[in-house]
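Notes follow the structure.
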Amino acid sequence: MEQTEERTMRDWSEAQRAERQQRVERRAADAHTNRAPLRILIIAPSHDILGGQSVHAAQLVKEFGKESSLQVGFLPINPRAPGFLKYLQRIKYVRTVVTSLIYLIKLLTHIPRYDVIHASSAAYTGFMLATMPPIFIGKLFGKKVVLNYHAGQAVEHLRDWRRTAIPTIKAADATVVSSGWLVDVFARHGLKARAIFNHVELDNFTFRERKPLRPVFLSNRNFDPIYNVPCVLRAFAAIQKRFADASLTVVGDGAQRDELEQLVCDLNLRHVKFTGLVAPEEMPSLCNAADIYLNASNVDNMPLSILEAFASGLPVVTTDAGGIPYIVSHEQTGLLVQMNDDEAMAASAIRLLEDEELAARLVNNARAECAQYKWDVVRVHWLDFYREVTAKKF
């Protein structure tokens with residue numbers, strides 16, 4: 001058995017080396033052809049809308065900008081209005097109309113300048129307002145169009161909006177998703193997608209061993225019902241009954257802010273801090289200050305916040321929503337509980353605090369898992385993907 005495993009690993013390593021050599025040779029051949037840079041327009045939320053899509057887009061723009069073979073532009077789906085129009089963006093409903101008109105004008109003026117249109121996508125209304133226009137305008141101008149789909153609501157979106165979502169996705173030249181889970185979801189609807197993982201800028205996060213583990217908790221999800229932050233608070237209430245000095249930092253904001261603050265009072269919680277929205281560059285210090293990460297989402301894909309916890313040495317307790325089990329292995333890289341089960345979340349957190357060996361094993365395994373999310377690994381997949389798109393291999 002051991003010889004067979006060693007032979008399998010040896011064969012896999014040789015195949016990996018051969019694949020890397022082929023990529024090097026392809027890039028060398030490309031360099032000799034003196035091609036003009038491939039012009040890519042990334043369309044996604046700006047940091048005015050803090051969230052996974054905006055962070056991911058900013059990372060791609062930054063890293064692609066270092067590639068001599070690429071020329072990268074960025075167009076926000078939420079453009080700021082010029083002049084007096086900016087005052088109209090402060091009026092509910094009116095701002096949607098104004099922002100959409102400015103967005104359409106920018107699409108029509110920017111798309112003709114690029115070779116590949118890379119449209120980041122959420123679900124439902126966001127898909128209709130922000131994703132459908134660049135796909136169809138891009139095709140109108142004869143451009144290659146890449147759909148970069150991120151939404152954790154993919155199951156419901158493709159089921160409920162199949163008459164609009166599925167034909168639109170098929171209109172794109174290729175679809176990239178950030179997890180194997182989304183590949184499987186798309187396949188159930190006859191849609192082909194390639195998984196290219198989100199990357200984490202690991203150099204920004206300091207890995208820290210936590211011995212002993214303290215009851216210092218972090219939650220970093222926006223206050224939307226799909227992320228179920230109330231479940232985290234209820235779990236923390238049970239934890240605080242066992243560890244009176246336990247503390248919780250809650251990062252994020254949204255429509256549930258008042259409800260969550262009231263729940264803290266109703267549960268008589270102590271040592272709970274709401275930070276509001278924070279910029280991505282502030283997250284490393286917040287992760288470093290905590291000892292355990294809690295996530296209770298009911299809908300999810302591949303949350304960057306969990307990868308950031310991995311990189312920081314934070315043991316993770318999370319629900320098994322959507323694509324999370326594709327990146328968190330139960331009792332290997334984190335602890336998984338069922339959705340809406342605050343009692344199980346509390347019990348898992350207490351288990352970590354009482355089992356130092358388990359916590360250390362999860363943290364070390366999770367740290368090793370981060371290697372596949374580094375930019376130098378993800379970069380190769382993106383460059384190969386764009387080469388195939390432009391070569392009409394899809």
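Treat the numbers as computed from the prediction; the structure is a model and nothing was measured. Side-chain atoms are counted along with the backbone in the values below, which use heavy atoms only and exclude waters and symmetry mates.
A donor and an acceptor atom, one from each side chain of Thr333 and Asn365, are nowhere located under 3.5 Å apart. Side-chain N/O atoms of Gln262 and Asp266 include a donor and acceptor closer than 3.5 Å. Side-chain N/O atoms of Ser219 and Asn295 include no donor and acceptor closer than 3.5 Å.
Residues satisfying the side-chain contact (heavy atoms from CB on, under 4.5 Å) criterion with Lys374, sequence neighbours excluded, are Leu202, Asp376.
Tyr103 is listed as a side-chain neighbour of Leu75, based on a closest heavy-atom distance under 4.5 Å. Two residues are said to be in side-chain contact when any heavy atoms from C-beta on lie closer than 4.5 Å; Asp320 and Val337 fail this criterion. Annotation: side chain of Thr249 is not in contact with side chain of Phe217 (no heavy-atom distance under 4.5 Å). Between Phe274 and Val264 there is a side-chain heavy-atom pair separated by less than 4.5 Å. The closest side-chain heavy-atom distance from Met283 to Val278 is below 4.5 Å. Two residues are said to be in side-chain contact when any heavy atoms from C-beta on lie closer than 4.5 Å; Ser178 and Phe197 fail this criterion. Side-chain contact between Pro230 and Leu260 is present, with at least one heavy-atom pair separated by less than 4.5 Å. Side-chain contact between Val177 and Arg194 is absent, with no heavy-atom pair separated by less than 4.5 Å.
Atom OG in Ser297 sits 10.5 Å away from atom CG in Asn340 (nearest 0.5 Å). Rounded to the nearest 0.5 Å, atoms CD (Glu63) and CG (Leu70) are 11.5 Å apart. Atom CD1 in Ile306 sits 10.5 Å away from atom CG in Asn220 (nearest 0.5 Å). For the atom pair CD1 (Ile117) and CG (Leu41), the distance works out to 5.0 Å, reported to the nearest 0.5 Å. In this structure, CG on Leu158 lies 5.5 Å from CZ on Phe186, to the nearest 0.5 angstrom. Rounded to the nearest 0.5 Å, atoms CG (Asp300) and CD1 (Ile324) are 4.0 Å apart.
Shortest non-hydrogen contact noted between Met339 and Ala321 is SD-CB, 3.8 Å. Of all the heavy atoms in Leu352 and Pro315, the pair that sits closest is CD1-CB, 3.9 Å. Minimum interatomic distance between Pro82 and Ile102 (heavy atoms only, all atoms of both residues): CD-CD1, 4.1 Å. The shortest heavy-atom contact between Asn198 and Met302 is ND2-O, 3.6 Å. Closest non-hydrogen pair, Leu213 versus Asp291, comes out as CD1-O, 3.5 Å. Summarising the geometry of Thr319 relative to Leu336, their closest heavy-atom pair is O-CD2, 3.8 Å, with the distance given to 0.1 Å.
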Task: Derivation and outcome, side chain to side chain contact (heavy atoms under 4.5 Å, CB included), residues Gln240 and Leu269 - done: CA-CA 8 Å; Gln240 199 161 65; Leu269 300 180; 4.0 Å; yes
Open item on the list: Please evaluate residues Ser179 and Asn301 with respect to the criterion side-chain hydrogen bond (donor to acceptor under 3.5 Å, both in side chains), reporting the C-alpha separation (whole Å), side-chain torsions for both, the decisive distance (0.1 Å), and the verdict.
Closed with: CA-CA 7 Å; Ser179 69; Asn301 173 27; 2.7 Å; yes
Distance-only check: which donor-acceptor pairs under 3.5 Å involve side-chain atoms of residues 160-171, not counting sequence neighbours?
from: Arg162; atom 1: NH1; to: Arg159; atom 2: O; distance (Å): 2.9
from: Thr164; atom 1: OG1; to: Trp161; atom 2: O; distance (Å): 3.2
from: Thr168; atom 1: OG1; to: Thr164; atom 2: O; distance (Å): 2.7

Would you list the atom pairs, donor with acceptor, under 3.5 Å between side chains in residues 125-150 and any protein atom, with sequence neighbours excluded?
from: Thr131; atom 1: OG1; to: Ser121; atom 2: OG; distance (Å): 3.3
from: Lys139; atom 1: NZ; to: Asp173; atom 2: OD1; distance (Å): 3.1
from: Lys139; atom 1: NZ; to: Asp173; atom 2: OD2; distance (Å): 2.9
from: Lys143; atom 1: NZ; to: Pro112; atom 2: O; distance (Å): 3.2
from: Lys143; atom 1: NZ; to: Tyr114; atom 2: O; distance (Å): 3.0
from: Asn148; atom 1: OD1; to: His118; atom 2: NE2; distance (Å): 3.0
from: Asn148; atom 1: OD1; to: His150; atom 2: NE2; distance (Å): 3.4
from: Asn148; atom 1: ND2; to: Val176; atom 2: O; distance (Å): 3.3
from: Tyr149; atom 1: OH; to: His157; atom 2: ND1; distance (Å): 2.8
from: His150; atom 1: NE2; to: Ser120; atom 2: OG; distance (Å): 3.3

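A cation-pi contact, defined as under 6.0 Å to the ring centre and within 45° of the axis, is absent between Arg367 and Phe310.
Under the 4.5 Å side-chain heavy-atom criterion for grouping Ile, Leu, Val, Met, Phe, Trp and Tyr, Ile226 is not connected to Leu182 through any hydrophobic cluster.
For Glu156, the CD atom is densely surrounded, since the number of other residues' heavy atoms within 6.0 Å is greater than 12. Other residues, nucleotides and ligands contribute over 12 non-hydrogen atoms within 6.0 Å of the CD atom of Glu281. Atom CZ of Arg80 sits in a sparse spot, with 12 or fewer heavy atoms from other residues, nucleotides or ligands closer than 6.0 Å.
With Arg210 contributing its side chain and Arg208 its backbone, the two residues share a donor-acceptor pair below 3.5 Å.
Between Phe236 and Phe243, the ring centre distance reaches or exceeds 6.0 Å.
Using a cut-off of 4.0 Å between Lys/Arg side-chain N and Asp/Glu carboxylate O, Arg361 and Glu356 are scored as not salt-bridged. Between Glu201 and Lys62, at least one side-chain N (NZ, or NE/NH1/NH2) sits under 4.0 Å from a carboxylate O, which counts as a salt bridge. A salt bridge does not link Arg221 with Asp253: every distance from a Lys NZ or Arg NE/NH1/NH2 to an Asp or Glu carboxylate oxygen is 4.0 Å or more. Using a 4.0 Å cut-off between a side-chain N of Lys or Arg and a carboxylate O of Asp or Glu, Arg351 and Glu331 qualify as a salt bridge.
Classified by interplanar angle (parallel below 30°, tilted 30° to 60°, perpendicular above 60°), the ring pair Trp382/Phe64 is perpendicular.
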